[in-house]
Structure formats: C-alpha cells, structure tokens
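Take a look at the structure set out below.
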Amino acid sequence: MLHIGCHLSASAGYLAMAKETVRIGGDTFQFFTRNPRGGRAKDIDPDDVTAFLAYAAEHHFATILAHAPYTLNPCAQKEETLQFARQTMADDLKRMEYTPHQFYNFHPGCHVGQGDVVGIDLIAQTVNEAMFDGMTTTVLLETMAGKGSELGRSFEELAAIYDGVVYSDKLRVCFDTCHTHDSGYDIRGNFDGVIDEFDHLIGKDQIAVFHINDSKNVRGAKKDRHANLGTGEIGFDALSYIVHHPDFEQIPKILETPY
Ligand code: FE
Ligand code: FE
Ligand code: ZN
C-alpha cells in the first residue's frame with residue numbers, strides 16, 4: 001500500500017493537519033516542530049493531541065514525520081549555535097513523546113570549516129545528548145545536497161554518523177530525492193544502483209521515509225532547489241519509479257513541494 005502525504009503547516013494543530021491529509025487522499029504528513037527559522041515551540045495542546053491520535057487510528061495513518069527547524073546546526077562551530085541545536089533537538093524529542101512512535105527528521109548540518117571528521121563527531125554528540133532511554137521516537141538523518149559545507153551529502157558520511165550514535169537502533173534515514181540527485185547520485189538513470197550502494201554502506205532497511213522532490217538543477221550541482229514534480233531534472237518517470245518501488249512499498253513518501 002502506498003503511504004503518501006505532504007508537508008503541512010502546523011499552525012492549526014495536529015488534528016487539522018490530519019484532516020487536511022485525508023482531504024487530499026494521504027495517510028501521513030510532515031510538519032515543522034517550530035518555526036523553520038527556529039525559536040520557541042508552540043505549547044502542545046493535549047486535547048488536540050488526543051483528538052489527533054483517535055482520528056489517525058480511525059483513518060489508519062502511517063507514521064508521521066516531524067521536521068526540525070533549518071537553522072538547527074548540530075555541528076556548528078559557534079558555541080551559541082551548537083547549544084541552540086542541542087537544546088532544540090532535546091526539547092523536540094521530549095515533546096515528540098506526546099505522539100509516540102513517530103519520526104523526527106533533521107539536517108545533519110554544516111561543519112563550517114571544521115572539516116568532515118569534526119563535523120560528523122559533533123553531529124553524533126548532539127544526537128547522543130538529545131536521545132534518551134525509553135524514547136519511542138525514531139530520529140532520521142536526511143540525505144543532503146552538499147551545499148556549502150553540508151554533511152550527509154554521501155552515504156559514507158551518513159554511515160559515519162551512525163557509528164558515533166549510541167542509540168543507533170533509534171536512528172534511520174530520510175532519503176530526499178532532490179538532495180541525493182544534487183549531491184551527485186544518479187537516481188534518475190540508476191535508482192537501483194544507488195540503492196545497492198546505500199545497502200552496502202548502511203542497509204536499505206534503514207530508509208524510513210522518502211522526500212519526493214524534483215530538482216531545479218542538474219545532477220551533482222550541490223544546490224538544493226526543489227522543483228515541482230515532473231518539472232525538474234529528475235523528472236516524473238524516475239520519481240514515479242521510486243514512489244512505486246517494490247522494496248519501499250511500506251515506506252512513507254512525503255512531497256515537499258506545493259500540492
Ligand atoms: Fe529537510
Ligand atoms: Fe527534504
Ligand atoms: Zn531541500
């Protein structure tokens with residue numbers, strides 16, 4: 001069964017997002033845990049959460065996906081920025097327990113001149129500080145385009161982050177089609193070959209979610225500019241092949257472009 005949904009605004013709460021999802025024919029959705037630029041999170045409304053959980057069960061929702069703010073840099077060099085990332089992720093993961101057993105996706109971050117090795121080590125430390133014993137949330141590393149000093153642009157880097165995370169059984173990957181294409185993987189011409197490579201380095205069972213985005217740029221451009229489905233360099237046929245791939249039938253697919 002296809003599990004599919006969109007990125008939605010969280011401003012009206014969980015139940016509103018679930019209803020919008022059903023209206024458009026989906027069974028999962030993504031939302032920002034707080035303003036994408038960071039800042040304080042809205043207080044959780046327990047009534048909204050209760051209503052949402054009942055509604056999601058009734059409509060057989062797949063796992064939903066919370067997305068950390070973009071400004072969260074888990075491998076920042078500036079102490080203040082690093083502390084913001086650590087506090088935000090820890091706070092987000094605590095709040096996620098209101099809706100147990102969901103996914104929390106974040107961008108591994110930019111090493112800003114510290115180098116890959118230091119960056120990867122800082123990312124693992126940030127995750128280790130935020131995760132806690134008994135948590136039910138699964139944390140997802142998003143595959144990145146490799147813009148600037150962005151880490152997570154290669155499967156090797158993602159594998160190295162896994163190596164540093166204590167609760168690695170609570171870690172999975174969110175595979176963004178635009179980002180992997182932009183970082184240089186030929187998902188358009190050879191998706192199966194790319195997945196083979198992923199399988200050898202990390203294990204394809206570690207892919208928890210797909211972000212289905214087209215890309216405005218050619219493969220390897222390292223840009224991260226999403227295009228509407230079928231209008232970009234990946235194209236409708238390749239994206240459709242991924243969406244319907246038999247190896248990932250159960251894996252939620254999220255569209256991050258307007259629907
Ligand atoms: Fe993202
Ligand atoms: Fe994405
Ligand atoms: Zn992107």
Side-chain angles (χ1 to χ4, degrees), residues 3-10 17 26 28-38 62-76 85 88-89 92-93 96 102-110 123 126-127 130 137-155 157-158 161 171-185 187-188 191 194 198 206-234 238-239 242-243 248 251-259:
H3 299 298
I4 199 154
C6 288
H7 184 96
L8 299 176
S9 161
M17 290 189 282
T28 178
F29 58 89
Q30 172 177 276
F31 62 99
F32 283 120
T33 55
R34 56 190 79 211
N35 183 308
R37 304 244 145 251
T63 311
I64 61 164
L65 178 58
H67 196 306
Y70 294 143
T71 45
L72 188 150
N73 186 0
C75 56
T88 301
M89 192 183 289
D92 279 351
L93 287 181
M96 291 285 297
Q102 310 295 356
F103 294 138
Y104 177 74
N105 178 46
F106 75 100
H107 295 180
C110 296
I123 295 162
T126 297
V127 174
T137 304
T138 299
V139 176
L140 311 186
L141 300 166
E142 183 163 351
T143 61
M144 299 311 291
K147 195 170 58 181
S149 63
E150 233 169 33
L151 291 168
R153 63 198 156 196
S154 73
F155 303 155
E157 287 174 0
L158 295 175
I161 299 169
L171 198 64
R172 295 279 189 285
V173 170
C174 172
F175 191 109
D176 187 305
T177 54
C178 168
H179 298 175
T180 46
H181 162 92
D182 278 26
S183 79
Y185 292 101
I187 59 161
R188 174 186 181 139
F191 179 70
V194 171
F198 187 97
Q206 294 299 301
I207 297 175
V209 170
F210 280 93
H211 280 167
I212 303 294
N213 300 310
D214 213 327
S215 172
K216 289 199 165 144
N217 292 286
V218 294
R219 174 160 74 93
K222 308 210 180 313
K223 289 274 206 236
D224 189 359
R225 297 279 316 278
H226 301 178
N228 290 345
L229 300 192
T231 69
E233 291 291 329
I234 303 173
L239 291 170
I242 296 168
V243 167
F248 304 108
I251 304 302
K253 321 280 186 329
I254 301 285
L255 281 58
E256 293 187 298
T257 44
Y259 56 94

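Start at 1 with the first residue, then count along the sequence. None of these values were measured; they are calculated from a predicted model. Counting starts at 1 for both ligands and their atoms, in listed order.
Annotation for K222: atom NZ counts as buried by contact number, over 12 foreign heavy atoms lying within 6.0 Å.
At a threshold of 2.8 Å, the Zn ion (ligand 3) has a backbone or side-chain N, O or S atom of H226 nearer than that distance. At least one N/O/S atom of H179, from backbone or side chain, sits under 2.8 Å from the Zn ion (ligand 3).
Note on D224: its N/O/S atom closest to the Zn ion (ligand 3) is OD1.
Taken to the nearest 0.5 Å, the OG1 atom of T138 stands 5.5 Å off from the CZ atom of F103. Between D176 atom CG and H226 atom NE2 the span is 5.0 Å, to the nearest 0.5 Å.
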Give the C-alpha distance, both sets of side-chain angles, the deciding distance and a yes or no for side chain to side chain donor-acceptor pair (under 3.5 Å) between H179 and E142. CA-CA 9 Å; H179 298 175; E142 183 163 351; 3.2 Å; yes

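Screening H107, H211, Q30, E256 for a side chain to side chain donor-acceptor pair (under 3.5 Å) involving H67 leaves a single residue, H107.
Less than 2.8 Å away from the Fe ion (ligand 1), the protein contributes these N/O/S atoms: H67 NE2, H107 NE2, E142 OE1.
In summary, the aromatic rings of Y185 and F155 are positioned with their centroids under 6.0 Å apart.
Taking the six-membered ring where the residue is Trp, F191 and F175 present perpendicular rings, their angle passing 60° and hence far from 30°.
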